[in-house]
Amino acid sequence: KWKPLSFIGDAPYSIYIVHSMVLPVVTRFWTLTGLQGDWRFNAIYLALGVVASVIAGILCYRLVEYPMFKFFDRVTKNGFAMKKLKPVGA
């Protein structure tokens, strides 16, 4: 199991959420370079957008989503968020 791909596989929702915020920034940067009209640089633009989205998504996952999952997992296991259900007939 290759760790970088495994790690990216843990964060697809975060990548999906942040890509809509990252791509306009990448596009703005790209237009400032003056390369947006040259078709030869489209692959670089695409790669830059994908890499920036994946990095931002992983950061979002590690700094927001994962700690939130851990917190809610701990809270529900300790019974703060969920009342313990009694078995039927008890």
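Note that these values count all heavy atoms, side chains included, but never hydrogens, waters or copies made by symmetry.
Among all heavy-atom pairs drawn from Pro67 and Tyr61, the shortest one is CD-O, 3.9 Å. Across Val26 and Ala52, no two heavy atoms sit closer than the pair CG2-CB, 3.8 Å. Contact record, His19 with Pro24: O-CD, 4.4 Å, taken as the closest heavy-atom pair.
Here the CD-CD1 distance, from Glu65 to Ile58, works out to 12.0 Å after rounding to the nearest 0.5 Å.
Side-chain heavy atoms closer than 4.5 Å link hydrophobic residues (I, L, V, M, F, W, Y) into clusters, and following such links, even through other members, never connects Phe29 to Leu32. Val25 and Leu59 fall into different hydrophobic clusters, defined by Ile, Leu, Val, Met, Phe, Trp and Tyr side-chain heavy atoms under 4.5 Å apart, directly or through other members.
With sequence neighbours excluded, the residues that form a side chain to side chain contact (heavy atoms under 4.5 Å, CB included) with Val51 are Ile55.
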Open item on the list: Quick one, Ser53 with Leu23, criterion side-chain contact (heavy atoms from CB on, under 4.5 Å). Give me CA distance, side-chain angles, the key distance, then yes/no.
Closed with: CA-CA 7 Å; Ser53 295; Leu23 291 180; 3.8 Å; yes
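Checked options Ile17, Val18, Val22; the residue passing with Cys60 is Val18 (criterion: side-chain contact (heavy atoms from CB on, under 4.5 Å)).
Looking only at distances, a side-chain donor or acceptor of Thr31 sits under 3.5 Å from a matching main-chain atom of Arg28.
Side chains of Ile44 and Trp30 form a contact here, defined as non-hydrogen atoms less than 4.5 Å apart. Using a 4.5 Å heavy-atom cutoff, the side chains of Asp10 and Tyr66 are not in contact. Side-chain atoms of Thr27 and Tyr45, non-hydrogen and from C-beta on, do get closer than 4.5 Å to each other.
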